[in-house]
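Lettering follows sequence order; numbering is per chain, from 1. Quick caveat: nothing in here was measured; it's all calculated off a predicted structure.
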Number of protein chains: 2
Amino acid sequence: MRGKQPTIWDIAIKLNVSISTVSRALRNAPDINPETKKAILDLAHQLDYQPNTVAASLRKNKTDIIGVMVPEFVHAYFPNVILGIQEVANAAGYKVMVMQSSESLDIEKHNLQAMVSSRVDGLILAITRETNDYDHIVAAQRKGLPIVFFNRIVDELQGSKVMVDDYTGAFTAVQHLIQTGCRRIAHLAGPENMTIGRNRLNGYLDALKAHQFPLDETLVMHCDFVEGRARKYTQLLLDRPDRPDALFAVNDPTAIEALICIQENGLSIPNDIALIGFSNAPHSTFVTPPLTSVVQPIHEIGQLAAQLLIRQITTPQQFTPEIRILDTTLVIRQSTRPLVG
Amino acid sequence: MRGKQPTIWDIAIKLNVSISTVSRALRNAPDINPETKKAILDLAHQLDYQPNTVAASLRKNKTDIIGVMVPEFVHAYFPNVILGIQEVANAAGYKVMVMQSSESLDIEKHNLQAMVSSRVDGLILAITRETNDYDHIVAAQRKGLPIVFFNRIVDELQGSKVMVDDYTGAFTAVQHLIQTGCRRIAHLAGPENMTIGRNRLNGYLDALKAHQFPLDETLVMHCDFVEGRARKYTQLLLDRPDRPDALFAVNDPTAIEALICIQENGLSIPNDIALIGFSNAPHSTFVTPPLTSVVQPIHEIGQLAAQLLIRQITTPQQFTPEIRILDTTLVIRQSTRPLVG
DNA sequence: ACTGTTTCCGGCAACGTTTCCGGTAACGTT
DNA sequence: AACGTTACCGGAAACGTTGCCGGAAACAGT
């Protein structure tokens, strides 16, 4: 930004008042004459004055910026929660600064540094799939940076967290597969160090157990959110003589990879293999057949995370970490068999 | 950010040097003794010192932040160009601040104000579909804010622009429909005030003309990027006695709406109706049938936009607006009929 | 011993705000 | 007439950097 921008100084001089008065007028403080205030506001408008927030931030020791870091945003999930975040953040007078770590721990560290250097007032964070030590995050927290976690939750970190009821969601999904006649159900799983992976796995396991299904550990494939792995592992499953007749995927992108693989093998969904995803990315409705999926309230996750963070920022003294668990619902489409009876 | 962070002052005192020296060490200036530099760097590391960039920005009159504003990022297009932007921006030492206008002119204005208030060094901008006056943008430019435009381009604005060869892309697409035997080709069009809409429309029209097709203006439906409209208009087309046998959509989200509508009417793609999209959002490969589409180099668009912007920021004196037009390629999948012969 | 040059460092003024601490004038109250 | 109160305003110090300018010391060349 090259061209000199007008400052409160310019306004003050032109109106023969002090900069204090101008400042008072601009952020409508009480101690000011309505007339002078109007004059200042008019001139400010006429000059198209835009306050220099970086100066204000320095002085106030507060940037009114909320940082958001997500592993990626080419799939629909994260953009949608960011939508929710922006909604409540903007309403509360905060700007939102989005960064993506591209599932890389190094970039995550680097971005985190940039965030604290930029003195964001708080951070909403979904860690990388490869984030396995948390020193950088703890260090930032110790510096006083409020962080709320979502989606990629990990027990080792403390702070507010918003998550969904992964266990029940998974349980219901697998139960539905069982009730529609599936007998060998495989799981394309997420990373086990995250609750998102562990809880969905446990829901899967417990649903099998509840229906007296034998446990076959070779049926859980750890795709761990890495692109392309679901496709490979699905192929492995299809090549087995005791091929499964259903797949429960840890999320929709994983499910869609599986779907493509299944169809490439000339198998039909759901007759040969039933398929359930998790997340309900919008385009899970576009694929053929439309994907049965465990829907989470994506938008609400973002809103809630922002609310918790803002509360922590504004009233830090009475802050205690809060863990919020939102409900999921199973949306049945055509990638699973119809319920008989 | 509550807890007091260490400053160069703390380092200076503890080491009995001046803050100037600390500053020199930190941004490795030449005039400094390697030993003192090492001592400072060590202590900085030990204290986990993170420079206060807002102070530095104020002093340097430069934030090293590039703003990006897009109408939305729940579809894959914009996230992907942002990826390209971040790549070159980060490599050049810039942070990226992303905002979305949600296709609302008011939000666009508001966000733009926030951007100039935050004193971003430059802006990469795709305007809203409802942006029809440009005063706010021109005002920002007059203040010295470098802006490069992409995707949503408009003749009334000047500045660097990166776009794709919409005309040729559209022409080739429609020509392909003709060559595969389609005889009544409709166009689900974009807004005509944007070159993206106008050029694709012209490509469509000229392709028809080049093959001596009669012009039927009732076959171009102005969907203008508004959600749901493509579906409605496709239904109108399908209800006509002289139903078209092909649709050329202004972009992929529009195409997918049309696809759903067609299938709901029990018609087959491409036999009853062939369909071509534009943009190649990744999930256009997931739908059934996979979408024939005009592919644009999305990633490259972002990279190029960032390069142009950074050049303008760093060497403003020798700046002249640059308009870059990237090539598209037609990727043929199964939503169009096979080429005979 | 003198100048000139190099190497390193400190002082200090900015950058544009906010905000505390007063101060003055006008007014009402005793 | 003296005082307290109110309403408004100005001065000035911060916030944490950067970067110019100058200065001291050390060293080289005459």
Q) C/dT7 P sits how many Å from B/Glu35 CD, rounded? A)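 Atom-to-atom, B/Glu35 to C/dT7, this comes out as 16 Å.
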Q: Report the distance from atom CG of B/Leu26 to atom C1' of D/dT17, rounded to the nearest whole Å.
A: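 After rounding, the gap between these two atoms is 10 Å.
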Q.
For C/dT18 and A/Ser23 - does any side-chain N or O of the residue sit under 4.0 Å from the phosphate oxygens OP1/OP2?
A.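 It does, given that an N or O in the side chain of A/Ser23 lies less than 4.0 Å from OP1 or OP2 of C/dT18.
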Q: Test A/Thr128 against every option in A/Glu103, A/Lys109, A/Glu108, A/Arg152 by the side chain to side chain donor-acceptor pair (under 3.5 Å) rule and name the one that passes.
A: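 The single option meeting the side chain to side chain donor-acceptor pair (under 3.5 Å) with A/Thr128 is A/Glu108.
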Q. Out of curiosity, A/Arg59 CZ to A/Asn52 CG, how far, rounded to the nearest 0.5 Å?
A.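 That separation rounds to 15.0 Å.
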Q. With a cut-off of 6.0 Å (strictly less than), are more than 12 heavy atoms of other residues, nucleotides or ligands near NZ of A/Lys37?
A.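 Check passes, neighbour count above 12.
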Q | Sequence-aligned protein contact record of nucleotides 7-16 of chain D, with B where the base is within under 4.0 Å of a protein heavy atom and S where only the sugar-phosphate is | A | -BBBBBBBBB
Q. Are B/Lys161 and B/Glu322 close enough for a salt bridge, meaning some N to O gap below 4.0 Å?
A.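 Salt bridge: no.
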Q.
To check you understand the geometry: which heavy-atom pair defines the closest contact between A/Ile137 and A/Leu157, and what is its length?
A.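 Taking A/Ile137 first and A/Leu157 second, the nearest heavy atoms are CG2-CD2, 3.8 Å.
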